[in-house]
A.B. asks: 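This is the structure, below, for whatever I ask next.
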Amino acid sequence: MKTLNQMDNTDKAYLLAKLFPDELQGMTEFIKIEAELFIRNREQVYREWTVTHIDANRWYDMISNFERRYYKNGTRLYKNKRTFRDQLFDGYDALFTLQCLIEYAEGRHCNQQLRQAIHLFFGNQKFIKITLNDR
């Protein structure tokens with residue numbers, strides 16, 4: 001097994017899925033809700049965007065890519081650990097997923113062990129620091 005420092009996002013996601021298989025559906029559905037929230041608040045996000053390493057257009061491309069994968073894969077995203085890993089944590093689009101997981105870890109619906117695992121594997125710093133109107 002790789003050390004934590006040797007793991008990339010897909011390795012960490014797979015380990016997270018193996019450790020918390022019963023939580024995959026909740027996490028996946030939360031990411032879907034976050035995507036919808038960002039889409040509803042598009043104007044606010046563009047107005048308040050301050051991130052320098054990516055622009056808001058690229059962020060919305062990531063959200064669109066997530067939605068395509070969500071509708072294409074359906075329940076396989078949370079029933080199959082490899083699909084969860086490959087579809088949500090590979091490449092630059094993983095930035096949106098990671099943002100959502102960190103947000104999920106802050107909520108009351110996330111149990112303490114899962115919260116600790118998310119923070120251990122992916123940190124606790126959000127990429128986007130905009131408080132959306134509907135939140």
A.B. asks: For the ring-ring contact (aromatic ring centres under 6.0 Å, His included) test, which of Tyr46, Phe66, Phe96 pairs with Trp59?
C.D. replies: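 When ring-ring contact (aromatic ring centres under 6.0 Å, His included) is applied between Trp59 and each of Tyr46, Phe66, Phe96, only Phe96 qualifies.
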A.B. asks: Does atom NZ (Lys72) have a neighbourhood of more than 12 heavy atoms from anything else shown, all under 6.0 Å?
C.D. replies: no
A.B. asks: Without swapping roles, check the side chain of Tyr92 against the backbone of Met62 for a donor-acceptor pair under 3.5 Å.
C.D. replies: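 Pair absent, no side-chain N/O of Tyr92 close to backbone of Met62.
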A.B. asks: With the side chain counted from C-beta on, respond yes when Tyr104 and Glu34 share a heavy-atom pair under 4.5 Å apart, and no when they do not.
C.D. replies: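 When only atoms from C-beta onward are counted, Glu34 and Tyr104 do not touch, as no gap falls below 4.5 Å.
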A.B. asks: Does Asn73 use its side chain to pair, donor to acceptor, with the backbone of Arg69 at less than 3.5 Å?
C.D. replies: yes
A.B. asks: The criterion is side chain to side chain donor-acceptor pair (under 3.5 Å); which residues satisfy it with Asp22, sequence neighbours excluded?
C.D. replies: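 Not a single residue meets the side chain to side chain donor-acceptor pair (under 3.5 Å) criterion with Asp22.
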A.B. asks: Does one hydrophobic cluster hold both Ile63 and Tyr70, with members joined at side-chain heavy-atom distances below 4.5 Å?
C.D. replies: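 Cluster IDs for Ile63 and Tyr70 match.
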A.B. asks: Identify whether Ile39 and Ile33 are in the same connected component of the hydrophobic contact network (ILVMFWY, side-chain heavy atoms under 4.5 Å).
C.D. replies: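 No, separate clusters.
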A.B. asks: List the residues meeting side chain to side chain contact (heavy atoms under 4.5 Å, CB included) with Thr3, not counting sequence neighbours, and say none if there are none.
C.D. replies: Asn5, Gln6
A.B. asks: Considering only NZ, NE, NH1 and NH2 on the basic side and carboxylate oxygens on the acidic side, decide whether Asp93 and Arg58 come within less than 4.0 Å.
C.D. replies: yes
A.B. asks: How far does CZ of Phe38 sit from CD of Gln44, to the nearest 0.5 angstrom?
C.D. replies: 9.0 Å
A.B. asks: Do you know which two heavy atoms are closest between Ala105 and Cys110, and how far apart they sit?
C.D. replies: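 Taking Ala105 first and Cys110 second, the nearest heavy atoms are CA-SG, 3.8 Å.
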A.B. asks: Go through the steps for Lys81 and Leu24 under the test side chain to side chain contact (heavy atoms under 4.5 Å, CB included), then give the verdict.
C.D. replies: CA-CA 8 Å; Lys81 296 168 189 70; Leu24 294 182; 4.3 Å; yes
A.B. asks: I need the Asp8 CG to Arg85 CZ distance, nearest 0.5 Å.
C.D. replies: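 One finds 9.5 Å between CG of Asp8 and CZ of Arg85.
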A.B. asks: By side chain to side chain contact (heavy atoms under 4.5 Å, CB included), which residues pair with Asn80, not counting sequence neighbours?
C.D. replies: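 Partners of Asn80 by the side chain to side chain contact (heavy atoms under 4.5 Å, CB included) criterion, ordered by chain and then number, come out as Arg82, Thr83.
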A.B. asks: Excluding sequence neighbours, so at least two apart, what forms salt bridge (charged side-chain N to carboxylate O under 4.0 Å, His left out) with Lys32?
C.D. replies: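 For Lys32, the residues satisfying salt bridge (charged side-chain N to carboxylate O under 4.0 Å, His left out) (neighbours in sequence not counted) are Glu36, Glu67.
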A.B. asks: Can you give me every donor-acceptor pair (side chain of residues 117-125, partner residue at least two apart or in another chain, under 3.5 Å) with its distance?
C.D. replies:
none

A.B. asks: Let me confirm one number: the CG-SG distance from Leu37 to Cys100, rounded to the nearest 0.5 Å.
C.D. replies: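 Interatomic distance, Leu37 CG to Cys100 SG, rounded to 0.5 Å: 9.5 Å.
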A.B. asks: Side chains of Val45 and Tyr60: closer than 4.5 Å at any heavy-atom pair?
C.D. replies: yes
A.B. asks: If you count the non-hydrogen atoms of other residues, nucleotides and ligands that lie under 6.0 Å from CD in Gln113, is the total more than 12?
C.D. replies: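 12 or below, so no.
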A.B. asks: Does any pair with a residue in residues 43-55 pass salt bridge (Lys or Arg N to Asp or Glu O under 4.0 Å), and if so which ones, sequence neighbours excluded?
C.D. replies: none
A.B. asks: Look at the side-chain heavy atoms of Ile, Leu, Val, Met, Phe, Trp and Tyr, link any pair under 4.5 Å apart, and say whether Tyr78 and Phe20 land in one connected group.
C.D. replies: yes
A.B. asks: About how many Å separate CH2 of Trp49 and CD1 of Ile128, when rounded to the nearest 0.5 Å?
C.D. replies: 3.0 Å
A.B. asks: Restricting to non-hydrogen atoms, name the atom on Met7 and the atom on Leu15 that form the minimum distance, rounded to 0.1 Å.
C.D. replies: CE-CD2, 3.7 Å
A.B. asks: With rounding to the nearest 0.5 Å, note down the distance linking CD1 in Ile31 to CG in Leu98.
C.D. replies: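 Here the rounded value is 9.0 Å.
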A.B. asks: Treating Glu23 as the side-chain partner and Leu114 as the backbone partner, does any N or O pair qualify as donor plus acceptor under 3.5 Å?
C.D. replies: no
A.B. asks: A side-chain contact here means heavy atoms from C-beta on lying under 4.5 Å apart; do Leu16 and Leu101 qualify?
C.D. replies: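 Leu16 vs Leu101: side chains touch.
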A.B. asks: Would you indicate whether the side-chain heavy atoms of Phe84 and Gln25 approach each other to under 4.5 Å?
C.D. replies: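 Side-chain contact under 4.5 Å: no.
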A.B. asks: Using only atom types and a distance under 3.5 Å, with no angle test, would you say the side chain of Gln99 pairs donor to acceptor with the backbone of Phe127?
C.D. replies: yes
A.B. asks: With rounding to the nearest 0.5 angstrom, report the CD to CG distance, Gln87 to Leu77.
C.D. replies: 6.5 Å
A.B. asks: So, does Thr97 use its side chain to make a donor-acceptor pair with the main chain of Phe89 at under 3.5 Å?
C.D. replies: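 Not at all, since once roles are kept as given, no pair shorter than 3.5 Å links the two residues.
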